[in-house]
Amino acid sequence: MKEQRHTCTLRVNGEDAAVVFAVHHTLLEVLREEVGLTGTKHGCELGECGTCTVLIDGKAVLSCLELAVECEGREIETVEGLMIGNELHPLQSAFADLGAAQCGYCTPGILMAAKGLLAENPSPSRDHVIEALGGNLCRCTGYHKILEAVEWGAAILRGDLASRPPPEVFHGDRIPGEEVVDA
Amino acid sequence: MLRLPVFGFYQPSTIEEATRLLAENPASTRLVAGGTDLWPNMKRRHQVAETVISLRGIAELTGIRETSDGGLAIGATTTLAAIASDLRVGESYRALATAVNSISSPLVRNSGTIGGNLCLDTRCTYYNQNEEWRRSIDYCMKEVGEICWVAPSSPRCWAVSSGDSVPILCAWGAEITLVSKDGARTLPLAELFRDDGIDYLSKRPDEILTEVRLPAPSGERAAFWKLRRRGSIDFGVLSVAAVGWCGGETTDRIEIWLGSVGSTPVRCDESIAALIGKPIDEDTIAEAAALARKGEGASPLGNTDFLPQWRGKMIEHYVAAVLREMAGLPRERLAPRHQR
């Protein structure tokens, strides 16, 4: 059977990307291979691991199970679009500060799932975070630091720096999210 | 990359256009909405198609509306997330929201649809594996193989019906509409399913499931419980739903349905007969739960997660738990917690 090809403009991270791809290609394949955004990772590619999570129209979905041709005219957001100018997104800085990544392969998907959660619920409880990240597997961290980092990222986003994560997550005397001032 | 096979793709915008396209070659065409079941199956080459028709562009298939008799009609391509968060569902059909919210993970529920969950392909340990694995056992009868590896002397396939919205919708007496080029027909949801792992739906290949309708609430109480290994992602290995109508002290009408125990959802006929006309208390619950385990069709085989004997035993515990929740009796937690 001959490949049916499709030409369109996808809206990725607020920019238009003109792409040509076969209609049976998933959004994951097109993002990585045509648009050149390899921040979105490929894991199981069967909808079981969550590392390919992106936001489509603000909702966290699995890019391995979305056809790119169906994403025309929709707002796609990947981990590359998280940064605000040259500043890390508060979720990213919280993940970095709290050491919520080890090998880091699941991190882009978790960041996007967390962003999807915070858009709906800026002050999620621990149960809400666990529920929202229920589709994202991490084989390194044991999840505790990830959950703490999402809560801390949410607190920074709310401007609520008083609600710190539990003291056991601090290593050294630096408070995550606060600026480091050299003496 | 695990890639999809090549296929022709159509995005009709009306039901008429979709049924016309589907009628051209129904045997080699597949319908897709969320894609969370079809795409993994096609990536692993379980399911093949020359043509795939997406139903997502058909506006009239999406959304939840109130029907003239006071019930709810849910369009087939309404996402599971939209159903679980719908206020009308949460208020009058809370157990349905619980069931829908227990399906896979939040990421899948954002794409997956109710129509897809009802038509979910049956599952089996010897089938839901990658192509190399299946080739090494010379496939099974659900594909191109000769035998059923779960029950090698069996003439039929025993793959499991795992749609978690199925038992609760059957218990509520939901109806569905199937539309083809030649017209529409309405049937009780329970009649959509056939007790065969291969030919598991009575829907013809040229028909499209367009809508599922719930009857108006009439003072019933309902509960849904599900068993699986983890609290997310995994397919259920047992789901139990009950809906009961109690006038006074005694039960006027009750429906108890099991999912993921066989190739079709199972109605617990003996348990239901034992409860009608009686109050729901410790004694009747114990009797109904024991009957549910012995009932026809409720005999799990070794083709999903966990040992079949243990899953059989859990039917009793889960039916008891569902009835206790329905009756407002205290109950212990038996499984991973699902958000309600």
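Below, chain A is the first sequence line, B the second, and so on; all start at residue 1.
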Query raised in the report: More than 12 heavy atoms of other residues, nucleotides or ligands under 6.0 Å from OH of A/Y105: is that the case?
Result: yes
Query raised in the report: For chain A, which of B/P40, B/S105, B/A81 has the most heavy-atom pairs under 4.5 Å?
Result: B/P40
Query raised in the report: Quick check: does any side chain N or O of B/K43 sit under 3.5 Å from a backbone N or O of A/L46, one acting as donor and the other as acceptor?
Result: no
Query raised in the report: Relative to chain B, which segment of A/L137 carries a heavy atom at a distance below 4.5 Å: side chain, backbone, both, or neither?
Result: side chain
Query - Atom pair CE/CG of A/M112 and B/L107 - distance to nearest 0.5 Å - result: 11.5 Å
Query raised in the report: CD of A/E87: more than 12 outside heavy atoms within 6.0 angstrom?
Result: no
Query raised in the report: With a 4.0 Å cut-off, would you call B/R56 and A/E66 a salt bridge?
Result: yes
Query - Option that, when pairs with chain B are counted at under 4.5 Å, heavy atom only, ranks first among A/L117, A/L133, A/V61 - result: A/V61
Query raised in the report: Considering only heavy atoms from C-beta outward, does the side chain of A/H24 approach that of B/P5 to under 4.5 Å?
Result: no
Query raised in the report: Do side-chain atoms of B/N110 reach the backbone of A/A60 as a donor and acceptor pair under 3.5 angstrom?
Result: yes
Requested in this report: Pick one of side chain, backbone, both or neither for A/C49, based on which atoms fall under 4.5 Å of a heavy atom in chain B.
Outcome: neither
Report summary line: Max heavy-atom pairs within cutoff under 4.5 Å with chain A, candidates B/G35, B/S54, B/G57, B/S104, goes to B/S54
Query - Separation between NE2 of A/H25 and CE of B/M1, rounded to the nearest 0.5 Å - result: 9.5 Å
Query - Spacing of CG belonging to B/D234 relative to CD belonging to A/E48, to within rounding of 0.5 Å - result: 8.5 Å
Requested in this report: With rounding to the nearest 0.5 Å, note down the distance linking CG in A/L67 to CZ in B/F7.
Outcome: 5.0 Å
Query raised in the report: How about A/V23 and B/V6: do any of their side-chain heavy atoms sit closer than 4.5 Å?
Result: no
Report task. Might you work through the side chain to side chain contact (heavy atoms under 4.5 Å, CB included) test for B/L4 and A/E29, ending with a clear yes or no? Result -> CA-CA 10 Å; B/L4 285 165; A/E29 290 167 273; 5.5 Å; no
**Report entry** Carboxylate-amine/guanidinium proximity below 4.0 Å for B/R3 and A/E33
**Finding:** yes
Report task. Quick one: pull up CZ in B/F9 and NE2 in A/H6 and give me the separation to the nearest 0.5 Å. Result -> 9.5 Å
Query raised in the report: Which heavy atom of B/S232 sits nearest a heavy atom of A/G135, and at what distance?
Result: OG-N, 4.1 Å
Report task. Would you indicate whether B/L87, at its atom CG, is surrounded by more than 12 heavy atoms from other residues, nucleotides or ligands within a distance under 6.0 Å? Result -> no
Report task. Taking only Lys NZ, Arg NE, NH1 and NH2, and the carboxylate oxygens of Asp or Glu, determine whether A/K2 and B/E50 approach each other closer than 4.0 Å. Result -> no
